[in-house]
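Taking it in order: structure first as structure tokens, then the write-up.
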Amino acid sequence: MQADALLHLNLNRRGGISRRKFLQSASLGISGSALLSQFRLNAAELKKEGRSCILVWLAGAPSQMETWDPKPGTPNGGETKKIATQTPGIEIAHYWPKIASVMNDIAVIRSMTGKEAAHERGTYHLHTGHRMLGIEKFPHFGSVVAKEIGDPQSDIPNFVSIGQTLSSGFLGVQVAPFIIDRPGQLPDNVFNDTPTSRQQRRLALLSQQESDFADAGAAALVKEQSKLYQKANLMMLSPRLKAFQFDDEPTAMKEAYGKSQLGQGLLVARRLVEVGVPFVEVRSGGWDMHNNVFKGMERRAPEVDQGLSQLLIDLKQRGLLDKTLVLCMGEFGRTPKINARPPVPGRDHWVKNFNLLMAGAGIKGGQVIGKTDENGQEIVDSPVEVDDLFRSMCHAMKINADMELHTPIGRPVKLVESGTVINGLFR
């Protein structure tokens, strides 16, 4: 079972603190918006030293031709038009009017090139920086961030994902993603209705079982499991849990992000960053458009357009954008040539060139890096490899891209194997 799944299951089923104790803590004034505000002030102090990253993952691989590199009026352009943006000279697809209005804070990378054109493999590559080769399970970049700049004693997870994502791989449970599915609400079962006496009996039985397992040769597994209980207990008592729900959030702000799962997830991401969580992933599905790509874009783009643009505005107004890296990407691109697939054509998988957005954390907004040819078939300027992207992500987060991670058998592997920081990306 994956470490992230273990964390999720244990919080759901076996929280080691009683509801009574939690409520007693609340009655002493631990909860409430006033205290959350105080934590935000503390988090602001922490942010003077630390950084955060929000990954907006568009699962299924959005078309570069219908996002940030439209080609209207060409044989491959299809029905997509282009619109001007806040930054003179930069034009994007017409599905994204709100993103266009904040382009001065965004760098568009139009010349990404990858090596994996299958969803699972591309997702792995763009989350870990490594291809799915051999037996080693490389960690999600969020787990690396949690390990390097997260607080190991934190009372809430250093890595939160709104929607399922990859695991922490060989880095273990301490930096595993904490997964939630309902943005705006407290995580499942942070309150435990089990009576204290029964809870204590269960914990005593668990302790005996763990001891037996350890004696039978599973000491390492027992140790990992114990860490999960400790993390669960800490989280159930944390006043920063309030960051997961919107009780103190103005209605106007909730509406500004949009009512979609993605929009509300991005609002949670801002709140988590605000209280010191260094990595948050928010996922949007439905971008695998082999059929009906143009109607599909009309359905899927508005919620990302609204939520992501509001996130950038909100982070900037709160002084958080300078130290928060925001990424918006999928696992690869789509074929420039529109297919003939019935009943309505779309675009297929394409890894030769695709695009993404980056903002914050020292990145120079209002610029486009890389260029494709008139029909979108070839990169004609400044190709960017996945290693280049990950080296740039490390640069933004002030993490040493050349550091060595160690697998469970002690084999050293570089965080980023090669590449260079993307030329001109940073101020």
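This chain uses plain numbering: 1 for the first residue, then up along the sequence. None of the values given here were measured: they were computed from a predicted structure.
Sequence neighbours left out, the pairs with a member in residues 72-84 that pass salt bridge (charged side-chain N to carboxylate O under 4.0 Å, His left out) are Lys82-Glu91.
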Fill in: Audit row: Arg270, Glu249, salt bridge (Lys or Arg N to Asp or Glu O under 4.0 Å) steps and yes/no
CA-CA 12 Å; Arg270 186 268 284 165; Glu249 201 68 55; 2.8 Å; yes
Practice prompt. Tell me, with the steps shown, if Ser382 and Asn423 meet side-chain hydrogen bond (donor to acceptor under 3.5 Å, both in side chains).
Written response: CA-CA 9 Å; Ser382 304; Asn423 186 34; over 6 Å; no
Practice prompt. Please test Ser418 against Asp387 for side-chain hydrogen bond (donor to acceptor under 3.5 Å, both in side chains), starting from the C-alpha separation and ending with a verdict.
Written response: CA-CA 6 Å; Ser418 61; Asp387 275 348; 2.5 Å; yes
Practice prompt. Test Phe279 against His140 for ring pair (Phe, Tyr, Trp, His ring centres under 6.0 Å), laying out the working first.
Written response: CA-CA 11 Å; Phe279 195 96; His140 190 305; 5.6 Å; yes
Practice prompt. Could you check Arg391 against Asp402 for salt bridge (Lys or Arg N to Asp or Glu O under 4.0 Å), going step by step and ending with a plain yes or no?
Written response: CA-CA 9 Å; Arg391 196 161 283 273; Asp402 292 315; 3.1 Å; yes
Discussion item. Run the side chain to side chain contact (heavy atoms under 4.5 Å, CB included) test on Asn104 and Val102 for me, step by step, so that the C-alpha distance in whole Å, both residues' side-chain angles and the decisive distance to 0.1 Å come before the verdict.
Written reply: CA-CA 5 Å; Asn104 284 352; Val102 294; over 6 Å; no
Item to complete: Please report the C-alpha distance between Leu357 and Leu327 in whole Å, then the side-chain angles of each, then the deciding distance to 0.1 Å, and finally whether the side chain to side chain contact (heavy atoms under 4.5 Å, CB included) criterion is met.
Response: CA-CA 6 Å; Leu357 301 183; Leu327 289 157; over 6 Å; no
Worksheet item: Yes or no on side-chain hydrogen bond (donor to acceptor under 3.5 Å, both in side chains) for Glu281 and Thr165, after CA distance, side-chain angles and deciding distance?
Response: CA-CA 8 Å; Glu281 177 171 351; Thr165 188; 2.8 Å; yes
Discussion item. Could you go through Arg283 and Gln261, starting from their C-alpha distance and side-chain angles, then the distance that decides it, and tell me whether this counts as side chain to side chain contact (heavy atoms under 4.5 Å, CB included)?
Written reply: CA-CA 9 Å; Arg283 297 172 71 91; Gln261 175 92 353; over 6 Å; no
Discussion item. Salt bridge (Lys or Arg N to Asp or Glu O under 4.0 Å), that's the test. Do Asp322 and Lys316 meet it? Break it down for me.
Written reply: CA-CA 8 Å; Asp322 284 344; Lys316 190 174 183 178; over 6 Å; no
Item to complete: Show your reasoning for whether salt bridge (Lys or Arg N to Asp or Glu O under 4.0 Å) applies to Glu303 and Lys259.
Response: CA-CA 8 Å; Glu303 64 183 43; Lys259 296 180 179 178; over 6 Å; no
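Side chains of Asn339 and His290: a donor-acceptor N/O pair is absent below 3.5 angstrom, by distance only. Counting only N and O atoms by type, the side chains of Lys71 and Thr372 include a donor and acceptor under 3.5 Å apart. A side-chain N or O of Gln377 and one of Asn76 form a donor-acceptor pair less than 3.5 Å apart. One side chain, Thr80 or Tyr95, offers a donor N or O that lies under 3.5 Å from an acceptor on the other. Between Thr113 and Asn353, the side chains place no donor N or O within less than 3.5 Å of an acceptor N or O (distance only, hydrogens not considered).
Note: Phe138 and His130 have parallel aromatic rings, judged against thresholds of 30 and 60 degrees for the angle between ring planes.
With Gln264 contributing its side chain and Lys254 its backbone, the two residues share a donor-acceptor pair below 3.5 Å. A donor-acceptor contact shorter than 3.5 Å is absent between the side chain of Glu404 and the backbone of Pro412. Under the 3.5 Å distance criterion, the side-chain polar atoms of Ser101 are matched with a main-chain donor or acceptor of Lys98. Side chain of Arg240 to backbone of Ser154: no donor-acceptor contact under 3.5 angstrom is found. Between the side chain of Asn158 and the backbone N or O of Pro278, no donor-acceptor pair lies under 3.5 Å. A side-chain donor-acceptor contact under 3.5 Å links Glu331 to the backbone of Gly60.
In this structure, CD in Glu120 is found 8.5 Å from CG in Leu166, a value given to the nearest 0.5 Å. Within the model, atoms CG of Leu262 and OG of Ser284 stand 4.5 Å from one another, a figure rounded to the nearest 0.5 Å. Ile99 CD1 to Asp305 CG: the interatomic distance, rounded to the nearest 0.5 Å, is 5.5 Å. Atom CG of Leu315 sits about 9.5 Å away from atom CD of Gln310, to the nearest 0.5 Å. The distance from the CE atom of Met358 to the CD1 atom of Ile422 is 5.5 Å, given to the nearest 0.5 Å. With values rounded to the nearest 0.5 angstrom, Phe244 atom CZ is found 5.0 Å from Leu272 atom CG.
When each of Asp247, Asp248, Asp314 is checked for a salt bridge (Lys or Arg N to Asp or Glu O under 4.0 Å) with Arg271, only Asp248 meets the rule. Checked against Glu116 for a side chain to side chain donor-acceptor pair (under 3.5 Å), the options His349, His125, Arg131 give a single hit: Arg131.
Aromatic rings from Phe332 and His119 are positioned such that their centres are separated by under 6.0 Å. Ring-centre distance between His127 and Phe141: not below the 6.0 Å cut-off.
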Extract all donor-acceptor atom pairs below 3.5 Å that involve side chains of residues 292-299 and protein atoms in other chains or at least two apart in sequence.
none

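In this structure, the side chains of Ile338 and Met65 stay at 4.5 Å or more apart for every pair of heavy atoms. Side-chain contact check for Leu311 versus Tyr257: some heavy-atom pair is nearer than 4.5 Å.
Between Asp188 and Arg182 there is a salt bridge, since a side-chain N of the basic residue sits under 4.0 Å from a carboxylate O of the acidic one. Between Glu66 and Arg347, at least one side-chain nitrogen of the basic residue sits less than 4.0 Å from a carboxylate oxygen of the acidic one, meeting the salt-bridge criterion. Salt bridge present: Arg334 and Asp288 bring a charged side-chain N and a carboxylate O closer than 4.0 Å.
Nearest heavy-atom pair across Thr420 and Asp388 is N-OD1, 2.9 Å.
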